[in-house]
2 protein chains.
Amino acid sequence: MDLIEVFKALSNPTRLEILRGLKDPANNFPPQDEGDVLTVGVCVSSIQEGVGLSQSTVSGYLATLQRVGLVEVRRIGQWTYYKRNEANISALAEAIGKEL
Amino acid sequence: MDLIEVFKALSNPTRLEILRGLKDPANNFPPQDEGDVLTVGVCVSSIQEGVGLSQSTVSGYLATLQRVGLVEVRRIGQWTYYKRNEANISALAEAIGKEL
DNA sequence: TTGACATATCGGTAAATCTCGATATTATCC
DNA sequence: GGATAATATCGAGATTTACCGATATGTCAA
């Protein structure tokens, strides 16, 4: 895990807000029609509505979070669901505690 | 502690290198004439020599690290010594483990 | 007080990031 | 196949960051 790239990803307020929001997706994002928000994740349009930026910006932010391993993606039909990658996030917290 | 500002500070390779280097200053920076590197810290010119960037850049980076609380400063005579603020760094690691 | 040294600050240029609207892609439904 | 919906990608303009050299500030010593 590239610490520098992770820190870059986390140093944007909206990306940090998204990652934190995904901790309790049902309460932090508008409900979506299909798919359980906890097991499958939250779709891009729900996240977009939650943070209030343009669709392209939010899509890009999610791609960034996924590239560095903080979230995982699952495409179902026309929807793309994002949820936290808890394993990697725990590993990161531990790495920061040790390597920093 | 402003997480966003801390992440910004940490997302520069040189600043991260400095912070990590200060974990074992005697081995990571050239020796300096006065002041014990462990208790009092490392002076700017030693750090500059260690990382190989210009004096103004390194001075600015150290100011950034101090502004967000990752290092502490002590001026003695004409020298400014920097060392890690271990209390804040531990607090940060814990905050990341919980709040992230 | 003058000179030498350590550090800080300032002004500038190049590169990266933020964010948007427009457009491309992919999947669904009739 | 064509319309529609969800998402991704592609420029582009504005802002921020990365550095540098030059200069200012503070400290010591002769």
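Below, all heavy atoms of this structure are taken into account, side chains as well, without hydrogens, waters or symmetry copies. Computed from a predicted structure; not experimentally measured.
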- Query: Can you tell me if the side-chain N/O atoms of Asn12(B) get under 4.0 Å from OP1 or OP2 in dA16(C)?
  - Reply: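 Asn12(B) to dA16(C) OP1/OP2: no side-chain N or O under 4.0 Å.
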- Message: Is Arg15(B) close enough to dA18(D) that one of its side-chain N or O atoms is under 4.0 Å from OP1 or OP2 there?
- Response: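 Checking Arg15(B) against dA18(D): at least one side-chain N or O falls below 4.0 Å of OP1 or OP2.
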- Query: Are Leu19(B) and Ile4(A) connected in a single hydrophobic cluster, I mean Ile/Leu/Val/Met/Phe/Trp/Tyr linked by side-chain heavy atoms less than 4.5 Å apart?
  - Reply: yes
- Message: Reading DNA chain C from 5' onward, which residue's closest nucleotide shows up sooner: Lys8(A) or Leu53(A)?
- Response: Lys8(A)
- Want to settle it: does Pro13(A) or Ile76(A) sit nearer the 5' end of DNA chain C, counting the closest nucleotide to each? Pro13(A)
- Task: Output every pair passing salt bridge (charged side-chain N to carboxylate O under 4.0 Å, His left out) with a member in residues 90-100 of chain A, not counting sequence neighbours, ordered by first then second residue.
- Result: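 Passing the test, one end in residues 90-100 of chain A: Glu94(A)-Lys98(A), Glu99(A)-Arg20(B).
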How many Å lie between [atom1] on [X] and [atom2] on [N], as a whole number?
{"X": "Glu5(A)", "N": "dA16(C)", "atom1": "CD", "atom2": "C1'", "value": "11 Å"}
{"X": "Ile4(B)", "N": "dC18(C)", "atom1": "CD1", "atom2": "P", "value": "10 Å"}
{"X": "Gln66(B)", "N": "dT9(C)", "atom1": "CD", "atom2": "P", "value": "10 Å"}
{"X": "Tyr61(B)", "N": "dT9(C)", "atom1": "OH", "atom2": "C1'", "value": "16 Å"}
{"X": "Ile18(B)", "N": "dC19(D)", "atom1": "CD1", "atom2": "P", "value": "11 Å"}
{"X": "Leu65(A)", "N": "dT17(C)", "atom1": "CG", "atom2": "C1'", "value": "15 Å"}

- Item | Heavy-atom closest contact (Phe29(B) atom, Gly21(B) atom, distance) | CE1-C, 3.6 Å
- Can you check whether Phe7(B)'s main-chain N or O pairs, donor with acceptor, with Ser11(B)'s side chain at less than 3.5 Å? yes
- Query: Hey, what do you get for OH (Tyr61(A)) to CG (Leu53(A)), rounding to the nearest 0.5 Å?
  - Reply: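 Reported value, rounded in 0.5 Å steps: 6.0 Å.
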- In this structure, CE of Met1(A) is separated from CG of Leu70(A) (nearest 0.5 Å) by 7.0 Å
- Under a 4.0 Å heavy-atom criterion, the protein footprint on nucleotides 4-15 of chain D, written with B, S and -, is -BSBBB------
